[in-house]
*Asks:* 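Next up is a structure, given as structure tokens.
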Amino acid sequence: MPQNRTPLMDAVQQVIKKNPISFHVPGHKHGQLFDGASLAFKQHLLQYDLTELNGLDDLHAPEAAIMESQQLLTKFYRTKASYYLVNGSTAGNLAMILATFREGDRVLVQRNCHKSVLNGLELVKANPVFIAPTYDETYGVPRGVNVRTVREVWKQYDDIKGIILTYPNYYGMIYELKDIIDFAHEQHVPVLVDEAHGPHFVLGSPFPKSALQLGGDIVVHSAHKMLPAMTMGSFLHINSDRVSKERIEHFLSILQTSSPSYPIMISLEWSRLYLEQYSLEDIEYTMNMVTTFTNEIKKMDGFDILLGDDPLKLLLRAEGYSGFELQAFLEDYGIYSELADPYHVLWIFPLLKKEHTYPLHRVIDVLARLPKKTMFKRRVNKFFIQQVTELAVPIHQQQLETGEWVPLKKAIGQIADGMIIPYPPGIPLLLRGERITEEIIVEIEQLLMEGCHFQGSINKQNGTIRIMKV
Ligand SMILES: Cc1ncc(COP(=O)(O)O)c(C=O)c1O
């Protein structure tokens with residue numbers, strides 16, 4: 001291969017050439033939501049890529065511009081302290097877990113969480129008890145946790161040190177978070193909420209209530225997912241005195257780069273201002289766009305479109321097509337979805353202001369071209385079936401990289417040596433140390449057949465996964 005090639009830049013340029021329509025993260029949608037005061041930033045991005053020069057402050061010891069900017073964030077979200085993250089919500093989740101728990105602590109964890117939560121538990125060597133999510137029959141996806149299950153788990157274990165929840169789920173669905181938080185606080189333990197997909201919830205109706213308003217003790221937001229922030233730009237909020245500010249700051253300084261990106265931090269500041277200036281008319285405008293667009297799709301033969309509790313999350317189904325097939329068809333026409341699953345593609349609608357437009361007519365035209373089919377039988381993927389589980393081999397007894405690779409079928413009944421993660425959404429089907437059930441293997445086989453992308457201890461080429469030698 002000639003050394004003068006630039007395969008990565010070429011690949012991105014290929015996408016740009018298609019004049020793509022974004023229904024995915026980052027939330028600035030090809031920079032469209034950088035306007036007004038941020039226009040110069042968008043146009044001269046690389047000139048803004050500076051380092052900690054005099055006058056530009058230091059993210060790890062802020063005392064001037066960054067301090068002031070984070071104070072504005074704190075004030076806007078009405079928290080005890082809010083921080084810019086330049087290494088994504090991944091860094092936020094790791095920091096909140098490392099700061100709150102100690103080795104051996106029993107922690108209640110919603111099973112359909114992002115891999116960063118599980119990585120945090122591994123780093124701190126906690127002892128997780130997993131609660132399986134409820135299953136949403138209409139949407140065909142795992143939803144959230146109910147307070148009844150949490151109360152039952154409390155009867156089984158008397159040493160739970162805290163709860164980690166994911167709210168909303170990837171599809172913008174919510175659940176009885178307030179009841180769970182109130183119960184946890186009665187038990188004097190903190191609730192850490194990965195609200196990666198809900199940084200805009202503070203805008204109020206029609207968006208659900210934010211975990212910050214519902215009393216979550218630490219809340220992490222992927223600003224880059226739903227707001228006009230650059231990729232990797234996130235927020236961490238401390239929202240109570242039940243958690244240690246000093247420990248959070250300590251772990252953020254360990255986990256985040258020593259060269260934080262000014263463009264990312266500026267885009268975070270812009271996102272805060274964008275929300276602050278987001279008016280009722282803007283909400284109404286965006287909601288009208290969503291309603292008109294989805295009504296048009298509903299009128300088309302063979303399509304169905306559902307809205308999450310967050311109306312910016314749209315789930316599109318096409319009769320006869322799996323989500324993966326539909327995604328591939330749309331991409332041929334330059335329409336990029338956030339993810340595909342066996343049933344749907346997930347679209348993230350932009351948080352538009354009333355002066356913005358979006359080429360939705362092009363999307364309708366493309367959908368009209370989808371060849372009609374009727375044969376696809378939807379399958380049910382209720383794989384998180386057991387309500388409450390613990391790892392078969394606890395984290396502190398696990399040894400890295402000592403396992404062996406075996407064909408999928410042979411792994412049934414064995415213990416997983418590494419996570420198996422469909423990506424996106426990044427919610428592991430199997431965790432290291434978890435017993436491998438037949439249901440999970442069937443699900444993995446199905447997803448492989450459907451062309452799903454995986455991360456973790458799985459070899460797609462020869463259909464093997466790594467199991468622990470115990
Ligand atoms: C629920 C959830 N939490 C955390 C993350 C990690 O966020 P980031 O990509 O900002 O590191 C993701 C990413 O998809 C996510 O979906």
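Indexing begins at 1, ligand by ligand and atom by atom, following the structure's order. The figures here come from the full heavy-atom set of this structure, side chains too, leaving out hydrogens, waters and symmetry mates.
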*Asks:* Could you check, using the six-membered ring where one of them is a Trp, whether F235 and Y77 have ring centers closer than 6.0 angstrom?
*Replies:* yes

*Asks:* As an exercise, identify every atom of ligand 1 less than 4.0 angstrom from a heavy atom of T166.
*Replies:* 1 (C)

*Asks:* One thing to verify: whether D309 and R143 come together as a salt bridge, which I'm taking to mean a side-chain N less than 4.0 angstrom from a carboxylate O.
*Replies:* yes

*Asks:* Name the residue from I238, V220, T74, L59 that meets the side-chain contact (heavy atoms from CB on, under 4.5 Å) definition with Y83.
*Replies:* I238

*Asks:* Determine, using heavy atoms of K225 and all atoms of ligand 1, whether some pair is separated by less than 4.0 Å.
*Replies:* yes

*Asks:* Under a 4.0 angstrom heavy-atom cut-off, which atoms of ligand 1 come close to G88?
*Replies:* 10 (O), 11 (O)

*Asks:* Counting heavy atoms only, which of H114, E195, E338, M232 comes nearest to atom 12 (C) of ligand 1?
*Replies:* H114

*Asks:* Short N/O distance, under 3.5 Å, between H224 and ligand 1?
*Replies:* yes

*Asks:* Could you verify whether a donor N or O on one side chain and an acceptor N or O on the other, from D282 and H356, lie under 3.5 Å apart?
*Replies:* no

*Asks:* Identify the protein heavy atom lying closest to atom 8 (P) of ligand 1, giving its residue, its atom name and the separation to 0.1 Å.
*Replies:*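 Checked against all protein heavy atoms, atom 8 (P) of ligand 1 sits closest to S89 N, 3.4 Å.
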
*Asks:* Side-chain donor-acceptor pair under 3.5 Å between S82 and H237, yes or no?
*Replies:*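 There is such a pair between these side chains.
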
*Asks:* Between R148 and E176, does any NZ, NE, NH1 or NH2 come within less than 4.0 Å of an OD or OE carboxylate oxygen?
*Replies:* no

*Asks:* Any Lys/Arg nitrogen of E434 or R111 sitting under 4.0 Å from an Asp/Glu carboxylate oxygen of the other?
*Replies:* yes

*Asks:* Would you mind listing which atoms of ligand 1 come within a distance below 4.0 Å of any non-hydrogen atom of S234?
*Replies:*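 Answer for ligand 1: 10 (O).
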
*Asks:* Heavy-atom distances under 4.0 Å are what count here, so tell me which part of N93 touches ligand 1: side chain, backbone, both or neither.
*Replies:*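 Near ligand 1, N93 shows its side chain, while the N, CA, C and O stay back.
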
*Asks:* Return yes or no for this condition: an N or O of N87 is under 3.5 Å from an N or O of ligand 1.
*Replies:*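 There is no such contact.
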
*Asks:* Name the closest protein heavy atom to atom 11 (O) of ligand 1, giving the residue it belongs to and the distance to 0.1 Å.
*Replies:*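 That would be T90 OG1, 2.6 Å.
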
*Asks:* Is the distance between the ring centroids of F34 and F41 under 6.0 Å?
*Replies:* yes

*Asks:* For H197, counting its heavy atoms only, list the atoms of ligand 1 lying under 4.0 Å from any of them.
*Replies:* 1 (C), 15 (C), 16 (O)

*Asks:* Any atoms of ligand 1 less than 4.0 Å from a non-hydrogen atom of A196? List them with their elements.
*Replies:*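 That gives atoms 1 (C), 2 (C), 3 (N), 4 (C) of ligand 1.
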
*Asks:* Counting heavy atoms not belonging to E68, are there more than 12 under 6.0 Å from its CD?
*Replies:* no

*Asks:* Among all protein heavy atoms, pick out the one at the shortest distance from atom 3 (N) of ligand 1; state its residue, atom name and that distance to 0.1 Å.
*Replies:*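 Looking only at protein heavy atoms, the one closest to atom 3 (N) of ligand 1 is D194 OD2, 2.5 Å.
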
